[in-house]
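The structure displayed is predicted, hence computed values, not measured ones. Per chain, numbering begins at 1; letters A, B, ... match sequence-line order.
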Number of protein chains: 2
Amino acid sequence: MPITSFTEENYLKIIYKLSAETNAEVSTNAVAELTQTKAASVSDMLRKLSDKQLVHYQKYQGVTLTSEGERVALKVIRKHRLWEVFLVEKLGFNWDEVHDIAEQLEHIDSEELVEKLDEFLAFPQFDPHGDPIPDNSGRMPELRYHTLAEVKEGEAVLMMGVSEHSAAFLQYLAKSGVSLGAEIRIIEINAFDKSLSIQVAQNTPQFISHEVAKNLLVKFK
Amino acid sequence: MPITSFTEENYLKIIYKLSAETNAEVSTNAVAELTQTKAASVSDMLRKLSDKQLVHYQKYQGVTLTSEGERVALKVIRKHRLWEVFLVEKLGFNWDEVHDIAEQLEHIDSEELVEKLDEFLAFPQFDPHGDPIPDNSGRMPELRYHTLAEVKEGEAVLMMGVSEHSAAFLQYLAKSGVSLGAEIRIIEINAFDKSLSIQVAQNTPQFISHEVAKNLLVKFK
DNA sequence: ATATTTTTTTAGATTAATCTAAAATTTAGT
DNA sequence: ACTAAATTTTAGATTAATCTAAAAAAATAT
Ligand SMILES: [Mn+2]
Ligand SMILES: [Mn+2]
Ligand SMILES: [Mn+2]
Ligand SMILES: [Mn+2]
């Protein structure tokens with residue numbers, strides 16, 4: 001009954017994300033990697049989404065969303081992030097446990113449900129990972145955060161989000177006391193491997209790798 | 001990843017319901033009517049469910065659930081009813097608006113989600129239509145309610161549920177002030193067509209048809 | 001500029017769930 | 001007990017989403 005299948009919605013969401021990262025046409029292989037399918041399957045699906053006017057697609061030239069495709073993608077992302085807030089705020093899940101469940105809930109088809117859920121959650125602006133939640137017309141703030149890897153010695157910033165969403169990474173952060181809104185001060189940066197000593201809130205300083213720092217989104221106070 | 005598809009789950013739920021009503025083998029046509037498919041499609045699916053050991057099925061002899069099939073069906077019914085409670089109690093939906101949404105939510109696959117939802121709702125025993133919610137091992141109370149059509153003139157009963165779940169019927173009841181727990185007194189029964197005059201709580205008496213009375217589940221005080 | 005490598009598309013199958021039309025079986029009516 | 005009617009199953013297609021292998025196109029490297 002909905003116009004788009006679960007599968008089509010997942011493709012649109014992935015094309016949206018890749019396209020937002022690069023601001024360019026998305027390659028068949030890039031989509032195949034994220035959908036966990038083969039390039040041949042992606043080619044088939046792109047032709048189909050193109051027939052439905054959800055993507056602009058020229059053979060061998062990559063794919064971008066049409067405005068209708070983007071509208072659908074943003075609706076799915078809105079639902080995904082609202083459900084994540086519900087799971088964490090209301091049901092008590094940890095932020096590393098909600099992704100797979102939200103991956104299912106994002107396809108539930110009911111406008112009224114989304115609007116009532118939004119209201120029940122008091123119209124949250126961000127999901128548990130700091131990602132902005134599109135409003136019901138698809139708008140969301142352009143966030144211009146920095147990564148912790150860009151911050152200089154001695155400076156203090158606020159933790160605003162993550163750019164890596166794996167459970168392993170999120171669990172590691174939780175164990176390290178790094179949560180949304182926490183203050184992080186750079187004590188020292190190792191000149192050799194760019195690893196850092198940081199202080200989270202008033203805790204004792206700890207070491208983190210450059211790799212970790214690159215995936216932490218922060219803003220200056 | 002789950003062992004059963006949405007489609008298979010819907011078939012199992014329907015076989016469970018038909019089989020609970022009649023205490024006998026369920027016919028192919030009966031399943032076809034509720035799944036909104038053709039008998040040929042049902043035959044195919046029954047063979048498949050039988051291969052998966054979820055139903056006992058002998059060609060031309062009807063179908064019943066195996067204990068594993070019943071376990072799966074009860075899990076789906078548990079989820080359906082818990083989500084309905086959530087939609088009504090937490091999100092403010094009316095009891096006639098929740099069925100189609102729960103029909104989707106019942107297939108979300110996460111044990112932890114169901115258990116946390118149950119806890120969040122304070123372990124409800126009944127859904128918004130008075131139907132009992134199976135516990136996490138599939139047990140639910142055998143309810144021996146009567147229909148309002150069996151009650152005699154002058155007697156008063158408590159409204160406990162409905163056996164018809166259409167939006168039209170539920171909206172009609174809501175407009176008539178008939179909700180779960182309400183006291184209903186039979187003022188008069190028309191000897192010709194068995195229509196009744198009833199008083200709900202302290203409201204002014206009103207007429208309802210025998211057909212309506214047959215679909216109201218009540219218990220004596 | 002041509003050859004090699006990489007990427008992408010097409011061709012041809014497969015699986016799940018459905019359909020229509022025809023055949024088989026069961027049930028019901030005399 | 002037969003015959004007719006109803007029910008159920010099978011045969012053969014169709015659609016969505018996927019795959020592997022082969023062909024085509026684009027990108028890269030000498
Ligand atoms: Mn998804
Ligand atoms: Mn998130
Ligand atoms: Mn369902
Ligand atoms: Mn219900």
**Item:** Check: I3(B) main-chain N/O paired with K52(B) side-chain donor or acceptor under 3.5 Å
**Value:** yes
**Prompt:** Hey, are D193(A) and S195(A) close enough side-chain-wise for a donor-acceptor pair under 3.5 Å?
**Reply:** yes
**Item:** V88(A): partners by side chain to side chain contact (heavy atoms under 4.5 Å, CB included), with sequence neighbours left out
**Value:** V98(A), P128(A)
**Complete:** For nucleotides 10-16 of chain D, 5' to 3', base contacts (B), sugar-phosphate-only contacts (S) and non-contacts (-) with protein non-hydrogen atoms under 4.0 Å give B-----S
**G138(A) backbone acceptor or donor facing R78(A) side chain under 3.5 Å** = no
**Message:** Considering every strand and a 4.0 Å limit on heavy-atom distances, what is the contact class for F6(A): base, sugar-phosphate, or nothing?
**Reply:** nothing
**Asked** Any donor-acceptor pair under 3.5 Å linking the side chain of E150(B) with the backbone of T147(B)?
**Response** yes
**Item:** Contacts of type side chain to side chain contact (heavy atoms under 4.5 Å, CB included), residue D44(B), not counting sequence neighbours
**Value:** none
**Request:** State which residues pass side-chain hydrogen bond (donor to acceptor under 3.5 Å, both in side chains) with S19(A); sequence neighbours excluded, sorted by chain then number.
**Result:** none
**Message:** Checking S209(A) now: which residues fulfil side-chain hydrogen bond (donor to acceptor under 3.5 Å, both in side chains) with it, not counting sequence neighbours?
**Reply:** none
**Request:** Please check if the side chain of S176(B) supplies one atom and the backbone of V178(B) the other of a donor-acceptor pair under 3.5 Å.
**Result:** no
Show the distances under 3.5 angstrom between N or O atoms of the protein and N or O atoms of nucleotides 22-25 of chain C.
unit_1  : atom_1 : unit_2 : atom_2 : d
dT25(C) : O4'    : Y60(B) : OH     : 3.4

So which protein N/O to nucleotides 1-6 of chain D N/O distances come out below 3.5 Å?
none

**Asked** Can a donor-acceptor pair be found between the side chains of N190(B) and H210(B) at a distance below 3.5 Å?
**Response** no
**Item:** Distance in angstrom units between L46(B) CG and dT18(C) C1', rounded
**Value:** 14 Å
**Item:** Salt-bridge contact K214(A)-E211(A) (side-chain N to carboxylate O under 4.0 Å)
**Value:** yes
**Item:** Sequence neighbours excluded, every pair satisfying side-chain hydrogen bond (donor to acceptor under 3.5 Å, both in side chains) that has a member inside residues 120-143 of chain A
**Value:** E84(A)-H129(A), E115(A)-N136(A), D131(A)-H165(A), D135(A)-S137(A), S137(A)-R139(A)
**Message:** Using the side-chain hydrogen bond (donor to acceptor under 3.5 Å, both in side chains) criterion, which residues pair with K75(A)? Sequence neighbours excluded.
**Reply:** E111(A)
**Request:** Report yes if some heavy atom in the side chain of Y57(B) is under 4.5 Å from a heavy atom in the side chain of L49(B); otherwise report no.
**Result:** no
**Request:** Return the residues of residues 70-77 of chain A meeting this criterion: a heavy atom under 4.0 Å from some atom of DNA chain C. Order them by number, or give none.
**Result:** none
**Complete:** Sequence neighbours excluded, the answer for side chain to side chain contact (heavy atoms under 4.5 Å, CB included) partners of E68(A) is L54(A), T66(A), R71(A), V72(A)
**Request:** Please work out which residues in residues 18-38 of chain B have a non-hydrogen atom less than 4.0 Å from an atom of DNA chain D and list them by number.
**Result:** S27(B), T28(B), N29(B)
